Amino acid sequence: MKKLFLTMCLTAMLSTTAIAACNGGTEYTVDGDTFCMSNFNLNWWSAFNWCKANGMHLATIYEVCPDWDGNTGRGKCGRTFSLKGNGRVATTLDSIYALYVDPSDGEVGFSVKNGSNPALCAN
């Protein structure tokens, strides 16, 4: 009887779908895409883990800026939304630098991975 009960509990736990959350962040929906920006700064590795802990992933540059042309600067993202601040994304330049996006003005830039920026997560 114990084995049957434990099997039923384990099956129920494993069949439950993961629900994405934005705990400690602000959620935005743009063109049908949902993003979450952390309300605090993280280095690149911590941002990656924070998104994962919230059932999401650190967004790539192309998820945030689908028409990105590969250049940095203001207006390079192509789409904007009401979020001020540099959101850290998963796309890296090398082992030291990763990209960030400021969705309020479409700026794309890069900073050191061990620097501090909010995480920008996607579902």
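Values below: every heavy atom of this structure, side chains too, minus hydrogens, waters and symmetry copies. As the structure is a prediction and not an experimental result, all values here were calculated from the model.
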Mind listing the closest non-hydrogen atom pair of R79 and E63 along with its distance?
NH2-O, 2.8 Å
Shortest non-hydrogen contact from V89 to A59?
CB-O, 3.1 Å
Only residue of N123, V101, V64 satisfying side-chain contact (heavy atoms from CB on, under 4.5 Å) with F35 is V64
Main-chain N/O of I96 paired to D94 side chain as donor or acceptor, under 3.5 Å
yes
Can you tell if the side chain of K76 reaches within under 4.5 Å of the side chain of C65, non-hydrogen atoms only?
no
Would you say that W50 contacts C36 through its side chain, given a criterion of any heavy-atom pair below 4.5 Å between the two side chains?
yes
Which pair of heavy atoms, one from C22 and one from E27, lies closest together, and at what distance?
SG-N, 3.8 Å
Counting only heavy atoms from other residues, nucleotides and ligands, does the tally under 6.0 Å from OH of Y97 exceed 12?
no
Rounded to the nearest 0.5 Å, the OG atom of S111 sits from the CG atom of N117 at a distance of 4.5 Å
Rounded to the nearest 0.5 Å, the SG atom of C77 sits from the CD atom of E107 at a distance of 10.5 Å
Roughly how far, to the nearest 0.5 Å, is the CG atom of N23 from the CG atom of N39?
10.5 Å
According to a 4.5 Å side-chain heavy-atom criterion applied to Ile, Leu, Val, Met, Phe, Trp and Tyr, with indirect links allowed, do W45 and L93 form part of one hydrophobic cluster?
no
How long is the span from the CZ atom in R88 to the CG atom in N43, to the nearest 0.5 Å?
6.5 Å
I want to check something: taking the side chain as every heavy atom from C-beta on, are P103 and T80 in contact at a cut-off of under 4.5 Å?
no
Shared hydrophobic cluster for L42 and F110 (ILVMFWY, side-chain gaps under 4.5 Å)
no
Does the distance from C51 SG to C121 SG come in under 2.5 Å?
yes
Can you tell me how far apart CH2 (W68) and OG1 (T60) are? Round to the nearest 0.5 Å.
10.0 Å
If hydrophobic clusters are built by linking Ile, Leu, Val, Met, Phe, Trp and Tyr wherever their side-chain heavy atoms come under 4.5 Å apart, do I61 and V30 end up in the same one?
yes
When you compare the side chain of D33 with that of Y28, does any pair of heavy atoms fall below 4.5 Å?
no
Examine Y62 and F48 and state if one hydrophobic cluster contains both, with Ile, Leu, Val, Met, Phe, Trp and Tyr joined whenever side-chain heavy atoms are less than 4.5 Å apart.
no
Show, in sequence, the C-alpha distance, side-chain angles and deciding distance for W44 and L58, and conclude whether the side chain to side chain contact (heavy atoms under 4.5 Å, CB included) test is met.
CA-CA 9 Å; W44 186 85; L58 193 58; 3.9 Å; yes
Taking atom CG of L99 and atom CG of L120, what is their separation to the nearest 0.5 Å?
12.0 Å
